[in-house]
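The structure under discussion appears below in the form of structure tokens.
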Amino acid sequence: MKRGTRLLVGLLGLITALQLFHSYVTFTRHAAEPADARPAELRPKPPGYRPREREERPVRDARGTKPHLIYLLADDLGWHGVGWRNKEVQTPNLDRLATTEGLRLSQHYTYRTCSPSRSALLSGRLAHHVNQANPNHRHPGGGVDLGMTLLPQALKERGYATHMLGKWHLGLGTADMVPTKRGFDTWLGFFAGAEDHWNHRRTELRRSLIDLWFNDRPATQFARKDQYGDELFTTRFEKLVKEHPLSKPLFVYYAYQVPHEPLQSPRKFLMKYNAFRDIKGDNDWHYVERNGLGLSRQEAPKRRAQYHAMVSYLDHSVGRVERALKSRHMWESSLVVFATDNGGATGHDADVGNNWPLRGAKYSDYEGGVRGICFVTGGVLPVDRWGVDLTNRRHRVSIADWYATFVELAGGVLRDEKASKERLPPLDSQSLWETISKGADGPRAQELPLTVPARDAMPGSGGGLIQGRHKLLIGNQKSAVLNGPVYPNGTVPKPLVEFCKRGCLYDLDEDPGEVRDLASERSDVLEVMLTRFRELQKSAYATPRYAVWPDEQAMAKHIAVVERDYSGFWGPYTSLSEKERAGFVDANFQPWDKHHRPDLVEAQRKQLLSK
């Protein structure tokens, strides 16, 4: 036989042998299975079975994959209070995420105080269309009108799991005002604007009650002695992520307690700062952890370091948020927003914030009070947007615009039919996604109202409005301070008040520090902006307060009932009469109601006359 023929016969023999082997393996596998064997995904699972994460798939709709949405809101964080602007502050996680792996929104505006910023965020309305006051335990009501659809409610309609952690501050008067009745599946946090970080107590009328709530009841299982508030909330975030089914999109709103006063920080973070090198004994450390220091020049470095230590804890927590999401491979499908609710507090409250080189602080419509730190990160942010800093005024945005942004990313339609039926102010929110992902102009580039006083508004500003490059301030502006790069430094910040009786006018392009009042030089611009401001006043609206009690004795009676009913915890009032549950009415009727609900105003007028 020729050599070529032998090779051909050998090759045919090899092919035949391989075919026989394949038939044997196939027959053996099928013979080993029951006759009614089902595909693996349909077979019964053993007890405790959990599919591998890579087998789970995010929910999809017409837009594609819905991202997980995480909103991290710091409390009273100053413009100069982070490491990438102030080398004295140790914030490695925030620095990396903001400057290297994220996009900074340096034209991000808030309201000048806590609750109105949170109301704008969750309602999708500018503050003068929802709330410009800080509700507290003494005056129930306020916050966001029950007729408005909150962001978590809108996201739940798109299939999201919704969770909240931390500070609520959107009203607590009745049980229907708590977060779990406003769209959140779960909530661990506190009602008021501030409380002790360690024992979670808040004192009103000499009654010290614990302000810590879990879903719809006092958080007795979490209110253990010496549990730092944000440590509780961060641990809860990790648990939520660990147990979250990856087939469902997730929304978490984490409203941090830090770095709001009182000045309290765990020892681990105080020890990062050289100002505390002289602290040795446990008793001394225990005192410093729980007590803010004085205002003398000698104590200024320690006081400053106390505040910075709280910011370092904030940085530590954000790092854990990142690791928790990455451990479940959720980071790559998440959009994470980090922001502050207003500028740092200078001259008031704990007097430790610093917004240099911006002028002003919390309570003020100067830039230091309303232009806050904000950045976006997470895997949903396009890589070519990493490291970008949007500093130009054409990228100006509002905290209220996150509502529309998240609804768009969730594949929803921006509407609030419930508010429309009740003739409440409509949504103001406009999506930021084109600004974030492509650098398009921000929705507030041309105009942004800051404070437009309604019936109930926080004192400290007679009004504020930005149009293009110009900014108008009206009335007395509280916390109009001009700080240096180091504060506290033992000096008294000045000026604590700027009197803008006929209006102060600033050119933010030429004078970002707002030191040169152009009201006399540019009276033409001043008059145009004053006219526009008066138009805006016609649409001002504030969620009604109620139970405006005539004296402390009446307040104390209801607080005593709260203390009894919740076993020493704060909570929704349980003893309000029907009259006390009604919205408070006085002759200063709502501007919005005068123009949009005149029948309501007439009814209120008759109510007052009947008294």
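Because the structure is a prediction, the values reported are computed rather than measured.
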- Student check: side-chain heavy atoms of Asn86 and Trp356 closer than 4.5 Å: no
- Query: Do His197 and Tyr313 have side chains that get closer than 4.5 Å, going by heavy atoms?
  - Reply: no
- Task: To the nearest 0.5 angstrom, please state how far the CZ atom of Phe276 sits from the CD atom of Glu289.
- Result: 10.5 Å
- Heavy atoms, side chains only, cut-off 4.5 Å: are Pro152 and Tyr253 in contact? no
- Task: Could you check Leu73, Leu72, Leu77 and say which one makes a side-chain contact (heavy atoms from CB on, under 4.5 Å) with Tyr256?
- Result: Leu72
- Task: Could you label the plane-to-plane angle of the His596 and Trp592 rings as parallel, tilted or perpendicular, counting under 30° as parallel and over 60° as perpendicular?
- Result: parallel
- Say whether, by atom type as modelled, one donor and one acceptor occur between the side chain of Asp211 and the main chain of Ala192 under 3.5 angstrom. yes
- Fit a plane to each ring of His316 and Phe269, take the angle between them on a 0 to 90° scale, and name the class: parallel (under 30°), tilted (30 to 60°) or perpendicular (over 60°). tilted
- Is a side-chain donor or acceptor of Ser208 paired with a backbone partner of Thr203 at a separation under 3.5 angstrom? no
- Query: Do any N or O atoms from the side chain of Arg202 and from the backbone of Ala194 form a donor-acceptor pair under 3.5 angstrom?
  - Reply: yes
- Message: Between Tyr109 and Glu367, do the side chains contain a donor N or O and an acceptor N or O under 3.5 Å apart?
- Response: yes
- Mark yes or no for whether Asp284, through its side chain, and Lys280, through its backbone, hold a donor-acceptor pair below 3.5 Å. no
- Message: Less than 3.5 Å apart, any donor N or O on the side chain of Gln90 or Asp315 sitting next to an acceptor on the other?
- Response: no
- Message: For Val288, is there any backbone N or O sitting under 3.5 Å from a side-chain donor or acceptor partner on Trp285?
- Response: no
- Rounded distance [0.5 Å steps], OG1 in Thr340 versus NE2 in His260: 10.0 Å
- Item | Stepwise side-chain contact (heavy atoms from CB on, under 4.5 Å) check, Phe499 with Asn476 | CA-CA 5 Å; Phe499 300 98; Asn476 297 340; 3.0 Å; yes
- Item | Expected output: side-chain Asp230 to main-chain Val258 donor-acceptor under 3.5 Å | yes
- Item | Non-hydrogen side-chain atoms of Leu146 and Arg182 separated by less than 4.5 Å | yes
- Message: Out of the candidates Asp76, Thr110, Asp75, Asn355, only one should pair with Asn342 under the side chain to side chain donor-acceptor pair (under 3.5 Å) rule; please name it.
- Response: Asp76
- Item | Any donor-acceptor N/O pair, Gln227 side chain to His200 backbone, under 3.5 Å | no
- Task: Kindly indicate whether the side chain of Arg125, heavy atoms from C-beta on, has any atom under 4.5 Å from the side chain of Leu427.
- Result: yes
- Task: For the residue pair Tyr71 and Trp402, categorise the inter-ring angle as parallel (less than 30°), tilted (30 to 60°) or perpendicular (more than 60°).
- Result: perpendicular
- Message: Using a 6.0 Å cut-off, check whether atom CG of Asp226 has over 12 heavy atoms from anything other than its own residue.
- Response: yes
- Query: So which heavy atom on Pro488 is nearest to which on Arg304, and how close?
  - Reply: O-NH1, 2.5 Å
- Item | Donor-acceptor side-chain pairing of His169 and Ser115 below 3.5 angstrom | no
- Message: Whether the Ser119 and Tyr111 side chains hold a donor-acceptor pair (N or O, under 3.5 Å, no angle test) is what I'd like checked.
- Response: no
- Query: If you measure only the distance, is there a donor-acceptor pair under 3.5 Å linking the side chains of Thr149 and Asp416?
  - Reply: yes
- Query: Between Phe190 and Phe233, how do the two ring planes meet: parallel, tilted or perpendicular, split at 30° and 60°?
  - Reply: parallel
- Message: Can you give me the closest heavy-atom contact between Cys114 and Lys167, atom names plus distance?
- Response: SG-NZ, 3.4 Å
- Verify the neighbour count for atom CD of Gln553: are there more than 12 heavy atoms of other residues, nucleotides or ligands below 6.0 Å? no
- Is any NZ, NE, NH1 or NH2 atom of the basic residue among Glu238 and Lys242 found under 4.0 Å from an Asp or Glu carboxylate oxygen of the other? no
- Candidate pair Ile70 and Phe237, rule side-chain contact (heavy atoms from CB on, under 4.5 Å), full reasoning: CA-CA 11 Å; Ile70 313 296; Phe237 181 94; 4.1 Å; yes
- Tightest non-hydrogen contact, residues Gln590 and Ala540, listed as OE1-O, 4.1 Å
- Item | 4.5 Å side-chain heavy-atom contact, Val130 and Met148 | yes
- Message: Return the CD to OG distance between Glu498 and Ser479, rounded to the nearest 0.5 Å.
- Response: 12.5 Å
- Can you check side-chain contact (heavy atoms from CB on, under 4.5 Å) on Tyr307 and Asn354, steps first, answer last? CA-CA 10 Å; Tyr307 179 74; Asn354 192 359; over 6 Å; no
- Between the main-chain N or O of Gly183 and the side-chain N or O of Thr162, is there a donor-acceptor pair closer than 3.5 Å? yes
- Query: Is there a donor-acceptor pair under 3.5 Å between the side chain of Thr91 and the backbone N or O of Gly83?
  - Reply: yes
- Could you pull out the closest heavy-atom pair between Gly463 and Pro453, with the gap in Å? CA-CD, 4.3 Å
- Message: Is any side-chain heavy atom of Leu270 closer than 4.5 Å to one of Gln306?
- Response: yes
- When rounded to the nearest 0.5 Å, the distance separating CG of Leu250 from CG of Leu155 is 10.5 Å
- Query: Please walk me through it: do Met177 and Leu172 pass side-chain contact (heavy atoms from CB on, under 4.5 Å)?
  - Reply: CA-CA 6 Å; Met177 301 179 77; Leu172 81 158; 5.9 Å; no
- Message: Quick check on Arg217: does its CZ atom have over 12 non-hydrogen neighbours (other residues, nucleotides or ligands) under 6.0 Å away?
- Response: no
- Message: Is there a side-chain contact between Phe191 and Val178 in this structure, where contact means two heavy atoms from C-beta onward sitting under 4.5 Å apart?
- Response: yes
- Does the salt bridge (Lys or Arg N to Asp or Glu O under 4.0 Å) test come out yes or no for Asp185 and Lys156, once each step is laid out? CA-CA 9 Å; Asp185 295 328; Lys156 279 180 74 70; 2.5 Å; yes
- Over all heavy atoms of both residues, which pair between Val89 and His80 is shortest? Give the atoms and the distance, please. CG2-O, 4.5 Å
- For the atom pair OH (Tyr573) and CE (Met555), what is the distance rounded to the nearest 0.5 Å? 9.0 Å
- Between the side chains of Thr346 and Tyr487, is a donor N or O closer than 3.5 angstrom to an acceptor N or O? no
- Nearest heavy-atom contact between Ala339 and His108 is CB-CE1, 4.3 Å
- Any luck finding a side-chain donor-acceptor pair between Tyr541 and Asp145 under 3.5 Å? yes
- Message: Please report whether the ring centroid of Tyr228 lies less than 6.0 Å from that of Trp198.
- Response: yes
- Query: Would a distance-only check, ignoring hydrogens and angles, find a side-chain to backbone donor-acceptor pair under 3.5 Å from Thr235 to Leu232?
  - Reply: no
- To the nearest 0.5 Å, tell me how far Ile559 CD1 sits from Leu205 CG. 4.5 Å
